[in-house]
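Pasting a structure below so you can have a look.
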Amino acid sequence: MNRNEGVLHAGPAGLADLAAVLGDAVRDVGSWMSEYGGYDPHPSQDVPLADLRRATADLHERLRDNYPFFHPRYVGQMLKPPHPAAVVGYLSAMLINPNNHALDGGPATAAMEKEVVADLAAMFGLPQHLGHLTSSGTIANLEALFVARETHPGKAIAHSADAHYTHGRMSRLLGVEAVPVTTTAAGTLDLTALEDLLCTGRIGTVVATTGTTGLGAVDPVDEIIALARRYGARVHVDAAYGGYFRLIADDTADGVRSAPFRAIADADSVVIDPHKHGLQPYGCGAVLFRDPSVARHYLHDSPYTYFTSDELHLGEISLECSRAGAAAAALWLTSRVLPLTPAGLGAVLRPGRRAALAWADLITGSEELTLFQPPELDIVGYFPARDRLSEIDRASAHVLDAGMRRAPEQALFVATYAVAGADLARRGHRVDGDIARGRILRSVLMKPESEAHLPDLHREIARLSADA
Ligand SMILES: *Cc1c(COP(=O)(O)O)cnc(C)c1O
């Protein structure tokens, strides 16, 4: 393992340094607390230290029942531990436990939230914005669809059939009709089908996805906006997974296509999940609106909060009430050391993108595996080369199960993705669709370490597939 003096590494290599920085953080917060003068702790909360240590040991035993999300041989779901800076930021603020609902709940982290949201707006190139953090991409999308309903009452929401299921579900919750639109062979929203739908006048808002959760397919946001504007419809971009790829949307060999990501600047709203590619712990999504006047849809009064100032309280523009100020502190501290620039966080995303491209090439040249479709981001869909969908399904399940059952130092973790025979046929794969739906393999290469491990990963997955 390469270790550089004076550098804090992410992952296991950096844990000793992280422990030291966390110790400093606890001490510094404690020194601020002591300025208020000492007081006697109430005995009701006293616990024997030995009991806590024993219970903690039990907890750690229980936590062993996990998949190694941190390891490059884990290429399953979109999961990875937060950056150490996020851990330090979260823990520091958590010791105080500010609530970003209102400025009364903690002015410092509310100010940090406004700063990090402004950074996200700048990354997307929004000329002005209204936005806030949320506890997830689901809630962030709910807020965007809520505003969509308020601005276009009685109109439906159109989203691609491959968009996240949350859009259909949240539309139901909001009492708004949601219309799935056919996808192209690339898994993106079909513009002809969209135009046919817009022609009916039923659609008030179109949801575009820059990076589907399944395959990382990027909808043509630029063309969707042009089309939607012609029919007076609003455009919401679900960039929960793919938003940070804006940093490497430069049309270079190891970047991604710029047009869809640049067009986000012209969308009416956008959602991004810092807890996916932003190196944050769970509990951190964000929604941004292009028109700050949508704040009127959130109008409410609260007899409990909003006392200390006339300045905007975040709770006045969000549907959630209590939210962890610690989440804002974590994101703020992370952005201080890895800013939202191509050389900052962009350099964390680029190796995963290269890994996806390199893997696509290896799979294309392999007898054992077939590429489902070319990756647009860092998610690769592929399958064991077999004649029937039932055989592909069985072999994929074998790769998933047998990989996980290996001893830890050789274990491999992939994910599966359910497709129909027609999905394979549309992509030019000659497979007998003998069952309605079957599993193919899906890997998310969201850790920069994936790149160096790729040749091994490919070889081992091909081996498992051949054994099936
Ligand atoms: C993950 C994801 C969501 C849901 O976000 P959560 O943070 O899991 O609630 C919505 N849309 C897309 C495209 C996603 O990838």
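Computed from a prediction, not measured in an experiment: that's the story for all the values here. Counting starts at 1 for both ligands and their atoms, following the listed order.
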Quick one: does any side-chain atom of H83 pair with a main-chain N or O of A10 as donor and acceptor, under 3.5 Å?
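Between the backbone of A10 and the side chain of H83 there is no qualifying donor-acceptor contact (under 3.5 Å).
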Atoms in ligand 1 flagged as close to Y241, the criterion being non-hydrogen separation under 4.0 Å
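Ligand 1 atoms under the 4.0 Å threshold to Y241: 15 (O).
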Which ligand 1 atoms does D273 reach within 4.0 Å, using its non-hydrogen atoms?
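Selected atoms, number and element: 1 (C), 5 (O), 6 (P), 7 (O).
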Go through ligand 1 atom by atom and flag the ones less than 4.0 Å from a non-hydrogen atom of G137.
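Here the atoms of ligand 1 in question are 5 (O), 6 (P), 7 (O), 9 (O).
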Please report which non-hydrogen protein atom sits nearest to atom 9 (O) of ligand 1, along with the residue it belongs to and the distance in Å to one decimal place.
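Closest protein heavy atom to atom 9 (O) of ligand 1: T138 OG1, 2.5 Å.
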Can you tell me which portion of N141 lies within the under-4.0 Å heavy-atom range of ligand 1? Options are side chain, backbone, both, or neither.
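The side chain, only.
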Under 4.0 Å from a heavy atom of H275: give me the atoms of ligand 1 that qualify, with their elements.
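Every atom of ligand 1 under 4.0 Å from some heavy atom of H275: 7 (O).
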Closer than 4.0 Å to some heavy atom of T213 - which atoms of ligand 1 meet that?
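The atoms of ligand 1 under 4.0 Å from a heavy atom of T213 are 12 (C), 13 (C), 14 (C), 15 (O).
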Residues F124, H129; criterion ring pair (Phe, Tyr, Trp, His ring centres under 6.0 Å); working and verdict:
CA-CA 10 Å; F124 287 126; H129 71 278; over 10 Å; no
Test ring pair (Phe, Tyr, Trp, His ring centres under 6.0 Å) on Y241 and H164 and set out the steps.
CA-CA 10 Å; Y241 183 73; H164 197 283; over 10 Å; no
Using distance alone, decide if ligand 1 has a nitrogen or oxygen within less than 3.5 Å of any nitrogen or oxygen in G211.
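Between G211 and ligand 1 (N or O atoms, distance only) the closest approach is not under 3.5 Å.
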Hey, can you tell me if W359 and Y382 have their rings parallel, tilted or perpendicular (30° and 60° cut-offs)?
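The rings of W359 and Y382 sit tilted, inter-plane angle from 30° to 60°.
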Can a non-hydrogen atom of H167 be found less than 4.0 Å from any atom of ligand 1?
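No heavy atom of H167 comes that close to ligand 1.
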Taking NZ, NE, NH1 and NH2 as the nitrogens, is one of them in R439 or D393 under 4.0 Å from a carboxylate oxygen of the other?
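Yes, charged N to carboxylate O under 4.0 Å.
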Per atom 8 (O) of ligand 1, closest listed option by heavy atom (H277, Q77, K276):
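Among H277, Q77, K276, the closest heavy atom to atom 8 (O) of ligand 1 belongs to K276.
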Counting distance only, does the side-chain N/O of D238 pair as donor-acceptor with the main-chain N or O of T209 below 3.5 Å?
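Looks like no, no N/O pair under 3.5 Å.
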Show which atoms of ligand 1 fall inside a sub-4.0 Å distance from at least one heavy-atom site of D238.
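It comes down to these atoms of ligand 1: 10 (C), 11 (N), 12 (C), 13 (C).
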At a 4.0 Å threshold, what atoms of ligand 1 neighbour a non-hydrogen atom of S136?
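In order of number, 7 (O), 9 (O).
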Donor-acceptor contact present, side-chain E320 to main-chain T134, <3.5 Å
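Answer holds: no.
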Is there a donor-acceptor pair closer than 3.5 Å between any side-chain N or O of R290 and the backbone N or O of A265?
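Yes, R290 side chain to A265 backbone: donor-acceptor pair under 3.5 Å.
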